[in-house]
Structures are given as structure tokens and as C-alpha cells.
There are 2 protein chains.
Amino acid sequence: MKTAERILLVSLELFNQQGETNVSSVDIALELDISPGNLYYHYKGKDSIITALFAMYQSRMIKILNAPANDSLSLEEFFYYLLLVFQVSHEYRFLYRNPSEIAEKYAKIARGFRRILKQKENVFDTCLKSFYEQDLLLGDTQQRQQIVELIGLIATQTPNYHLLKGEEINDGDYIFQSLATILFALTPYMQMSKEAYQELDETVRNLCKEA
Amino acid sequence: MKTAERILLVSLELFNQQGETNVSSVDIALELDISPGNLYYHYKGKDSIITALFAMYQSRMIKILNAPANDSLSLEEFFYYLLLVFQVSHEYRFLYRNPSEIAEKYAKIARGFRRILKQKENVFDTCLKSFYEQDLLLGDTQQRQQIVELIGLIATQTPNYHLLKGEEINDGDYIFQSLATILFALTPYMQMSKEAYQELDETVRNLCKEA
DNA sequence: GTCTATATCGGGATAGAC
DNA sequence: GTCTATCCCGATATAGAC
């Protein structure tokens, strides 16, 4: 593997593990067994590494978000879709650990973040609309808007919340937590029996385990 | 006012405005028109300032959380109570901007954070139990547990979510946003007409405006 | 209590040899 | 492409005079 590529991979790993601010360029070089000078030959410091990592994240996420929402989307499909979104976010989770820090340091990334978030909410809204048209979802337009906001909040902030609580949870559980919470928040507005809820909860759990 | 006191107040303001990592001890001294040496005479660096600020936050929050939950608590009272909690959190909001950073740097604070969060969830749970016993709240114990988690998530993470979206909102609106979202998430499980919901939403809005 | 001056340390960044 | 050596800078921290 080329050095430039290795730098990105190792940086991503270190950032995810220890948080962006706690990893210096020297740390990265050390971990790679190369000299700081060499690192700077490939990337002009942490800034350009982070920019490159964000570009990777962004392009993958956009691909997922552009997958056209089927107009007879099922709830299962919706959650499968959410799972894809979460998996990518999780691979680049350091970006979400303290977004405010990162956004302050890198204006470009802040814009990209907002764009992606907006697009996510659009997609959520489209999905909910589809449910509504299938008579699966109750409630009016205003409520749908609130649900979208709530899903956005859960989707982006659940990991931080669990971090705050100091809970040690592994990768799969942590994605499941987010999905389960979304399901829970969504259920009251869905035309759905308690049995169907529990079944879906189980399905989602298994999906996460496989992944 | 004594210098030691002024240091705390100005530090709090700067931290809230610019984020803890972006404010150096020199910045604080400069803002106060005193020398860095003088600052160090009173507090041994940012660490001890932050520790002192956290202690203030903690003692105020604990006082609020210890206010015994009335066993015939009304929804209005519950939201008034939440408002108090949010106001204090908001005064020390820099602590919540990137809790993971702060928790990593200051182990003591991390423990304090977790204790407070735990206590908050306990209080929420007590309130919900009271609603349940008054036949205001539907659902079983497990659902109540999930509601508590969801409220905790909304209460602590809503500000960050809006920061992430890059929305500029002022202090009052931002507290109202959190309360409104909690109300929205709670409603489906409450024995409550749509009119009662909107009325309460309005009441909460006014409460926030006054505050 | 407060100041000035200075020491220290770590991270970011570059020059030049190989 | 990679290394060593070095520089720069900002933040933290202390000493000693007033």
C-alpha cells in the first residue's frame, strides 16, 4: 500500500480512538514508523489529512443519500437504509465527536456537514411521506416535520450521549442503540401493532449483529 | 468584586462564547486587564478555573435535582422544573459543547458529569412514575425507561444538534427548542387531547420568553 | 496582589542531505 | 520518498521585583 494511503487509514483509526485533538502529526508518524518530515511530504499537516478524510466520508455518504427512495418503501427497508447511513458515519465517527471544534477549525468541513445533514433530513422526510401515502404513518405535515427533526437528533447525537454517560459499548450495539431509539420515537405515529413493533425491533437487532 | 471572583465570571463568559479549547489563560488575563502572572497567583492555570466552574455548576444543579418531586406533579410543573434544569445547564453550556474533550482532560469532572446525568434520569423517572400513577401516562415500565433515555438525550444534545446544523438561535429559543422537543416526544404516551398539547406548548413558550 | 521577565514544553512546519 | 535536524510559535508555568 502506498504511504499516502496508509497515512489516511492510520490517522482515521487514531482519530476515532483518541479524538482528533488528542492526536498530533508526530503521533501519526510514530504509529506509521515514518518520520514527521515524511508525513509532511505527503500531507501538509493534520489539516489536509482531515480534509481528505472528510472528502472520503462525504463522497460515500452522498452516494447513499442519492439512492432514490422507493415510493412504496417498507419500514424494514427504511431501517436497512438507516443502517447504511450509520455504518458510514461510524467509520468516520471522530468527525461527530466534537463537531463544533472541527467546524470551527475547518470552515469548508462545516459547510459540508450542514449540507449532508440537510440532505439527510430531506431523505428522512421523503421516506416519511412515502409512509404517509401508504397510510402507514399518522399525523399531519407539522408533526412529520417534528419527527424528521427528532430522527436527525437521535441519528447524530446518540453516540455522544452514551459517551457522556460513560458507557462502554461496542460498535454493533452502539449502532443498534440509535436505530432502536429511532424506532421507538417513530412507533407512536405508525399504524402498527405492538407485535409488529417487537418483530421489527428484533429484525433491526439482527441486522446490526450481522453488520 | 474580588479578582478571584472576576476571573471565574470572565472565564465562564469566554468559554461559553468561544469554547474552552479556544481560550488560553493569556486570553483570560487580557480580557480582565491583569497580567498572566496575576492570574496564576489566583488559579493555577485553566485547569483549576474549570474545576472551580464545574463545582459551581454541580452544586447548583444538585440543589435543583434534590427538590423533591411532588407525588401529584402536573405536566406544567414538570416543564417548569425542566426549565430550571436547562437554565443552569445553559449558564455553563461550555461544559456541554464537547463533553468528551473535557471529560478526557479532567477525570474528576467526568465522574461528576456521569453522576449528575444519572441523577437527572432518576428525577425524570420519578416524574414519569408520578404521571403514571395519576393515569396521565400510558405504557409499561419498559416504555417508561425508553422515554427517560430519550428525554435525557434531547435534554443534553439538542444544543449540539443545532450547532451542527449551523443555526443561529438566541438563548431563549434554544431552551424552548429543547423543551418543545421533549414535549413532542412525550405526548404520544400522555393521556392528552390535541388542544391540551397546543396549550401546553404555548405555556412553555411563554415560560421561556419570560426567563 | 500585582507586575515583568523568563523558562519550558509540545505541536506544527521546513530545509537539505540521502 | 524518506530521513535528520532544526526552527517557530503559542500556551503553560514560575521567579522575583514592586
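These figures come from a predicted structure and were not determined experimentally. Chain letters run A, B, ... following the sequence lines, proteins first and then strands; every chain starts at 1.
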Looking at every strand, decide which applies to A/G45 at a 4.0 Å heavy-atom threshold: base, sugar-phosphate, or nothing. sugar-phosphate

Could you tell me how far apart B/D27 (CG) and D/dA11 (P) are, to the nearest whole angstrom? 6 Å

Round to the nearest Å and state the distance from B/K2 atom NZ to C/dG1 atom P. 7 Å

If I take atom CD1 in residue A/I49 and atom C1' in nucleotide C/dG11, what distance separates them, rounded to the nearest angstrom? 13 Å

Atom CG of A/D33 and atom P of D/dT2: how far apart are they, to the nearest Å? 13 Å

Please state how far atom NZ in B/K44 lies from atom P in D/dT12, giving the value in whole angstrom units. 14 Å

With a 4.0 Å cutoff (strictly under), does any side-chain N or O of B/N38 reach OP1 or OP2 of C/dG1? no

For the rings on A/H90 and A/Y174, is their centre-to-centre separation under 6.0 Å? yes

Let me confirm one number: the CG-OG distance from B/L39 to B/S25, rounded to the nearest 0.5 Å. 6.5 Å

For B/L30 and C/dT2, give me the distance from atom CG to atom P, rounded to whole Å. 16 Å

Using a 4.0 Å heavy-atom cut-off across all strands, classify B/S24 as base, sugar-phosphate, or nothing. sugar-phosphate

What is the distance from atom CD1 of A/I50 to atom OH of A/Y106, rounded to the nearest 0.5 Å? 3.5 Å

Just the rounded figure in Å: distance from P of D/dC3 to CD1 of A/I34. 6 Å

Would you classify A/S35 as touching base, sugar-phosphate or nothing, given that sugar-phosphate means primed atoms plus P, OP1 and OP2, and contacts are heavy atoms under 4.0 Å? base

Examine C/dA13: is either OP1 or OP2 under 4.0 Å from a nitrogen or oxygen in the side chain of A/Y40? Give yes or no. yes

Below the 4.0 Å mark, does C/dT2 have OP1 or OP2 next to a side-chain nitrogen or oxygen of B/T3? yes

Which class fits the ring pair A/Y57 and A/Y96: parallel under 30°, tilted 30 to 60°, perpendicular over 60°? perpendicular

Looking only at D/dT12, D/dT2, C/dG12, the nucleotide nearest the B/K46 side chain is D/dT12

Between atom CZ in A/R6 and atom P in D/dT2, what is the gap in whole Å? 8 Å

Tell me if the aromatic rings of B/Y80 and B/F86 count as close, with their centers under 6.0 Å from one another. no

